[in-house]
Amino acid sequence: YMEEISLSKLAARFYMNPTYLSRIFRKVMGVSYSEYLIRVRIRQALRLLNDTDKRITEIAQETGFHSDNHFCKMFRQVMGVSPLKYRTAAKGE
């Protein structure tokens, strides 16, 4: 999850057509490949927000987001709050 893992690269690794892999992935997992990858990254970000004092920028990079803005946008979309608000609420401040 920390690296850029495109659907095309994944499909090539398993000698599959990307469109076919995408269809099978959605059928089996119930979400698209990109949605799944974002959720995996957000789960790891939650752990880091709860268990460390790392800056949001560091967490974004460690979880595979190449932009702080993109990380915050995806985090808010999945969790309903910003990473900073989540951390503050989780620590009871």
Side-chain angles (χ1 to χ4, degrees):
Y1 66 87
M2 295 172 75
E3 298 174 14
E4 184 61 38
I5 310 167
S6 71
L7 181 65
S8 298
K9 286 182 183 178
L10 188 62
R13 168 108 170 132
F14 294 106
Y15 307 101
M16 297 176 78
N17 178 292
T19 304
Y20 178 71
L21 177 60
S22 178
R23 200 172 351 156
I24 295 301
F25 193 94
R26 182 180 289 276
K27 184 177 180 180
V28 171
M29 301 302 293
V31 294
S32 72
Y33 172 74
S34 60
E35 290 174 67
Y36 179 81
L37 185 57
I38 287 169
R39 290 180 185 189
V40 167
R41 289 173 171 169
I42 296 298
R43 271 198 311 268
Q44 180 63 12
L46 290 171
R47 189 188 69 73
L48 292 170
L49 286 166
N50 287 325
D51 299 343
T52 71
D53 291 325
K54 292 181 179 184
R55 296 184 355 232
I56 302 298
T57 302
E58 292 176 88
I59 292 173
Q61 291 173 351
E62 285 184 29
T63 54
F65 292 95
H66 298 291
S67 155
D68 299 352
N69 290 335
H70 183 64
F71 169 66
C72 290
K73 180 181 176 183
M74 292 296 102
F75 192 94
R76 186 176 289 115
Q77 186 177 356
V78 172
M79 299 302 299
V81 295
S82 71
L84 185 58
K85 285 186 180 180
Y86 174 85
R87 175 180 267 168
T88 303
K91 294 190 176 191
E93 297 175 357

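Just so you know, these numbers use all the heavy atoms, side chains as well, and skip hydrogens, waters and symmetry mates.
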Closest heavy-atom pair and its distance - V31, R39: CG1-NH1, 3.9 Å

All pairs passing salt bridge (charged side-chain N to carboxylate O under 4.0 Å, His left out) where residues 65-80 contributes a residue, at least two apart: none

Residue pair L7 / Y33: nearest heavy atoms and the distance that separates them: N-CE2, 3.8 Å

Shortest non-hydrogen contact from L21 toward M16: CD1-SD, 4.0 Å

Reported NZ-to-CD distance for the pair K54 and E62, which is rounded to 0.5 angstrom: 3.0 Å

Reported CD1-to-CZ distance for the pair I59 and F65, which is rounded to 0.5 angstrom: 11.5 Å

Shortest non-hydrogen contact from K91 toward N50: CE-O, 4.5 Å

Residues S32, S34; criterion side-chain hydrogen bond (donor to acceptor under 3.5 Å, both in side chains); working and verdict: CA-CA 5 Å; S32 72; S34 60; 3.3 Å; yes

Value rounded to 0.5 Å, distance of CG in L10 from CZ in F25: 8.0 Å

Which atom of L84 lies closest to which atom of I56, heavy atoms considered: N-CD1, 4.3 Å

Full working for side chain to side chain contact (heavy atoms under 4.5 Å, CB included) between E58 and T52: CA-CA 11 Å; E58 292 176 88; T52 71; over 6 Å; no

Reported CE-to-OH distance for the pair M29 and Y36, which is rounded to 0.5 angstrom: 4.5 Å

Closest non-hydrogen atom pair, F71 against P83: CE2-CG, 3.6 Å

Side-chain (S22) to main-chain (P18) donor-acceptor, under 3.5 angstrom: no

Over 12 non-hydrogen atoms of neighbours within 6.0 angstrom of CG in D51: yes

Spatial distance of atom OG1 (T19) from atom CD1 (I24) [nearest 0.5 Å]: 11.5 Å

From CE (M74) to OG (S67), nearest 0.5 Å: 10.0 Å

